[in-house]
Amino acid sequence: MRIGHGYDAHRFGPGEFVTLGGVRVPHPQGLEAHSDGDVLIHAVCDALLGAAALGDIGRHFPDNDAQYAGIDSRILLRHVRDALAGRGWRLVNLDSTIVAQAPRIGPHIAAMCQNLAQDTGVAIDSVNIKATTTERMGFTGRGEGIAAHAVVLLTAL
Ligand SMILES: [Zn+2]
């Protein structure tokens, strides 16, 4: 078995929604990124790649590569899943935390879990997403952006 950890953060910018776990959550600002800015999926990708000792998301999908401009991060996640399967690894379970002062994440967690379970090929009860504020402390607390942490466990296929 292998364990992996991932962390990501994106700054708010112009927009009308943020994409988290493949779900568009309405918000007066968007997240600045080369892709769709899905911090949760990016943290999950890094955790998966980390567990398999395959580096990080930046190595697999360089942010200066035009083919990834504005890309749906769920496509990246499915690429990562396939890369791991190709090396004989399968996800056992995934736990994650979104750190955001706003928007409210709770009502969207079930849909996010569904997306992550589908893209990683595990049952819904193997995926957990939590959300927290930092009680207005730090960059997330000041509403400058959103961060996400993820931990995964892999097993040999
Ligand atoms: Zn990112």
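For ligands, and for the atoms within them, numbers begin at 1 and follow the listed sequence. Quick caveat: nothing in here was measured; it's all calculated off a predicted structure. The figures that follow rest on heavy atoms only: side chains count, while hydrogens, waters and symmetry mates do not.
- Ring geometry for F61 versus Y68: interplanar angle over 60°, hence perpendicular rather than tilted (30 to 60°).
- V44 and I71 fall within a single hydrophobic cluster, where Ile, Leu, Val, Met, Phe, Trp and Tyr are joined by side-chain heavy atoms under 4.5 Å apart, directly or via other members.
- If you check the side chains of H34 and D63, you find no donor sitting under 3.5 Å from an acceptor.
- Tested against L91 for a side-chain contact (heavy atoms from CB on, under 4.5 Å), the candidates L84, V152, L153, T155 yield a single pass: V152.
- Rounded to the nearest 0.5 angstrom, H10 NE2 and I146 CD1 are separated by 10.0 Å.
- Note on the Zn ion (ligand 1): protein N/O/S atoms under 2.8 Å are D8 OD2, H10 NE2, H42 ND1.
- With no hydrogens or angles considered, a side-chain donor-acceptor pair links S73 and D36 at under 3.5 Å.
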